[in-house]
Amino acid sequence: MTMPAATTRRWAPVRRWRSAFLRSRLGVRITSIDARYLQIGFLGSFLLFGALARDFALRPEQVALTFAAALLTQLAGARLTGLPGHSLLSAAVTGLGLSILVRADSLWVHPLVAMLAIGAKFVIRWNGKHLYNPANLGVMIALLLLPGAWISPGQWGSDMLLALWVATFGVTVSASARRFDIAWAFLAIYVGLLVLRIVYLGARWAVLENQLSSGALILFTFFMITDPMTTPNHRLMRFVYAAIVAIGAFVWTYVFFSTNGLVWALFLATPLVPLLDRLMPAAKFQWRPPAASPLSGLPASTG
């Protein structure tokens with residue numbers, strides 16, 4: 001279906017402005033920024049003003065040990081496999097995510113989780129991609145295997161304003177990582193299921209507002225499921241994947257009445273990614289645009 005001519009003309013100046021901006025020097029610089037710098041800046045602020053300010057169960061030495069283990073493991077793996085040095089950025093993102101989500105009474109849990117999660121990137125691979133999102137895998141390792149570890153998904157409270165800030169920055173980061181589509185696809189399906197549940201039960205809409213004001217939901221949507229190295233390469237398959245994860249998370253939480261539905265759904269759906277890539281092959285995502293062609297939108301190496 002084509003757009004009416006009047007609508008097309010109305011939006012033509014916007015499209016021309018956008019095209020001109022993307023061709024400008026500033027536009028090239030912005031679109032070529034490695035999204036992991038934005039992730040580190042945002043997640044670092046989120047950790048500092050959210051987890052450290054409100055959740056005293058997280059100790060500074062746990063954060064330091066998490067980062068040390070993540071970076072050293074990534075460095076060792078990069079040396080052994082020949083990955084470029086900037087793959088350390090991915091380890092920093094994982095360290096932040098694990099610091100935000102994982103809690104433990106001891107000092108050894110966080111660095112062990114970080115080491116195992118990053119190490120799995122170099123061991124559990126398929127077709128040149130690591131299979132599991134390291135933060136998601138680290139959370140599951142902590143939940144399933146390590147005594148005295150738990151997940152703290154609601155430590156920021158249910159402040160809607162905070163969630164809106166998280167969403168705003170999350171959109172920026174995921175769009176820069178070229179996985180904006182899967183974030184909104186997941187959110188639309190998951191929220192749609194929540195709305196249907198509210199209507200079916202005849203519950204108050206304040207329930208939905210409380211569910212959507214979760215910082216954990218926004219963090220998952222824009223920083224975990226959007227990981228470009230562990231999601232399907234083809235856009236249509238990303239939509240299918242988002243639907244599978246959204247339905248799985250909803251069923252896990254509201255049918256089975258179990259906790260941590262988001263991380264469980266992503267963990268269980270991850271092995272489907274190679275199948276989805278096989279059904280509809282597409283170019284594998286790489287993080288940095290090639291220096292010779294900054295406007296091509298095809299990033300270079302991985303992390």
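Keep in mind that this is a model prediction, so the values were computed, not measured. What you see below is based on every heavy atom in this structure, not just the backbone, and it leaves out hydrogens, waters and symmetry mates.
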Chemist: Under 3.5 Å, side-chain donor or acceptor atoms of residues 110-120 against the rest of the protein: list the pairs with distances, not counting sequence neighbours.
Modeler:
| from | atom 1 | to | atom 2 | distance (Å) |
| --- | --- | --- | --- | --- |
| His110 | NE2 | Val102 | O | 2.8 |

Chemist: Got a sec, which pairs hit side-chain hydrogen bond (donor to acceptor under 3.5 Å, both in side chains) with one end in residues 132-147, sequence neighbours left out?
Modeler: Asn133-Asp227

Chemist: Grab the two heavy atoms, one from Val273 and one from Pro232, that are nearest each other, plus how far apart they are.
Modeler: CG1-N, 4.0 Å

Chemist: Distance from Leu137 atom CG to Thr230 atom OG1, nearest 0.5 Å?
Modeler: 10.5 Å

Chemist: Using the test side-chain contact (heavy atoms from CB on, under 4.5 Å), find all partners of Ile40 that sit at least two apart in sequence or belong to another chain.
Modeler: Leu89, Ala92, Val93, Leu96

Chemist: Testing Lys121, Met229, Gln74, Met224 for side-chain contact (heavy atoms from CB on, under 4.5 Å) with Pro134, which one passes?
Modeler: Lys121

Chemist: Who are the side-chain hydrogen bond (donor to acceptor under 3.5 Å, both in side chains) partners of Ser106, not counting sequence neighbours?
Modeler: Trp108

Chemist: Is Val109 reachable from Leu72 through a run of I, L, V, M, F, W or Y residues, each pair having side-chain heavy atoms under 4.5 Å apart?
Modeler: no

Chemist: Under the side-chain contact (heavy atoms from CB on, under 4.5 Å) rule, collect the residues that match up with Leu236, sequence neighbours excluded.
Modeler: His234, Met280

Chemist: Is the closest side-chain heavy-atom distance between Leu212 and Leu194 below 4.5 Å?
Modeler: yes

Chemist: Leu193: what forms a side-chain contact (heavy atoms from CB on, under 4.5 Å) with it, not counting sequence neighbours?
Modeler: Ile189, Ile247, Phe250

Chemist: Sequence neighbours left out, what pairs pass side-chain hydrogen bond (donor to acceptor under 3.5 Å, both in side chains) with at least one residue falling in residues 242-255?
Modeler: Gln211-Tyr254

Chemist: Are Leu196 and Leu187 joined in one hydrophobic group, where the rule is that I, L, V, M, F, W and Y side chains link up if heavy atoms are under 4.5 Å apart?
Modeler: no

Chemist: How many angstroms lie between atom CD of Gln39 and atom OG of Ser90, to the nearest 0.5 angstrom?
Modeler: 8.0 Å

Chemist: Evaluate the criterion side chain to side chain contact (heavy atoms under 4.5 Å, CB included) for residue pair Ile182 and Phe239; output intermediate values, then yes/no.
Modeler: CA-CA 6 Å; Ile182 195 173; Phe239 291 156; 5.8 Å; no

Chemist: Applying side chain to side chain contact (heavy atoms under 4.5 Å, CB included), run through Asp277 and Met237 and close with a yes or a no.
Modeler: CA-CA 7 Å; Asp277 280 341; Met237 291 296 99; 5.7 Å; no

Chemist: Any chance you could measure Tyr190, atom OH, to Phe220, atom CZ, to the nearest 0.5 Å?
Modeler: 9.0 Å

Chemist: Cluster partners of Leu65, using ILVMFWY side-chain heavy atoms under 4.5 angstrom, listed by chain and number?
Modeler: Leu107

Chemist: Kindly write out the residues that satisfy ring pair (Phe, Tyr, Trp, His ring centres under 6.0 Å) with Trp150, not counting sequence neighbours, or none if the list is empty.
Modeler: none

Chemist: With sequence neighbours left out, what residues match Tyr241 under ring pair (Phe, Tyr, Trp, His ring centres under 6.0 Å)?
Modeler: none

Chemist: Rounded to the nearest 0.5 Å, how far apart are CZ of Phe267 and CG of Asn260?
Modeler: 13.0 Å

Chemist: Run through the side-chain heavy atoms of Ile, Leu, Val, Met, Phe, Trp and Tyr, join any pair under 4.5 Å, and report what else lands in Tyr200's cluster.
Modeler: Leu201

Chemist: For the pair Asn127 and Lys284, evaluate side-chain hydrogen bond (donor to acceptor under 3.5 Å, both in side chains) and give the outcome as yes or no after the intermediate values.
Modeler: CA-CA 9 Å; Asn127 198 26; Lys284 183 172 74 77; over 6 Å; no

Chemist: For residues Arg197 and Leu208, determine if any side-chain heavy atom of one lies less than 4.5 Å from a side-chain heavy atom of the other.
Modeler: no

Chemist: Do the side chains of Thr221 and Leu217 get nearer than 4.5 Å, heavy atoms only?
Modeler: yes

Chemist: Please report the interatomic distance CD1(Ile225) to CG(Leu266), rounded to the nearest 0.5 Å.
Modeler: 6.0 Å

Chemist: Indicate the atoms forming the closest heavy-atom contact of Thr73 with Ala69, along with that distance.
Modeler: OG1-O, 2.7 Å

Chemist: Kindly say whether Ala104 contributes a backbone atom to a donor-acceptor pair with the side chain of Gln62 at under 3.5 angstrom?
Modeler: yes

Chemist: With side chains defined as the heavy atoms from C-beta onward, is the minimum distance between Thr231 and Thr226 less than 4.5 Å?
Modeler: no

Chemist: Establish whether Phe257 and Val255 are linked, either directly or via other cluster members, by ILVMFWY side-chain heavy-atom contacts under 4.5 Å.
Modeler: no

Chemist: Please tell me whether Leu80 and Leu88 are part of a single hydrophobic cluster in this structure, the criterion being side-chain heavy atoms less than 4.5 Å apart.
Modeler: no

Chemist: Carefully, step by step, assess Val199 and Trp205 under the rule side chain to side chain contact (heavy atoms under 4.5 Å, CB included).
Modeler: CA-CA 9 Å; Val199 173; Trp205 290 105; 3.9 Å; yes

Chemist: Do you know the tightest heavy-atom contact between Leu98 and Ala135?
Modeler: CD2-O, 3.6 Å

Chemist: When rounded to the nearest 0.5 angstrom, what distance separates OG in Ser152 from CG in Leu101?
Modeler: 8.0 Å

Chemist: By side-chain contact (heavy atoms from CB on, under 4.5 Å), which residues pair with Pro274, not counting sequence neighbours?
Modeler: Trp126, Leu131

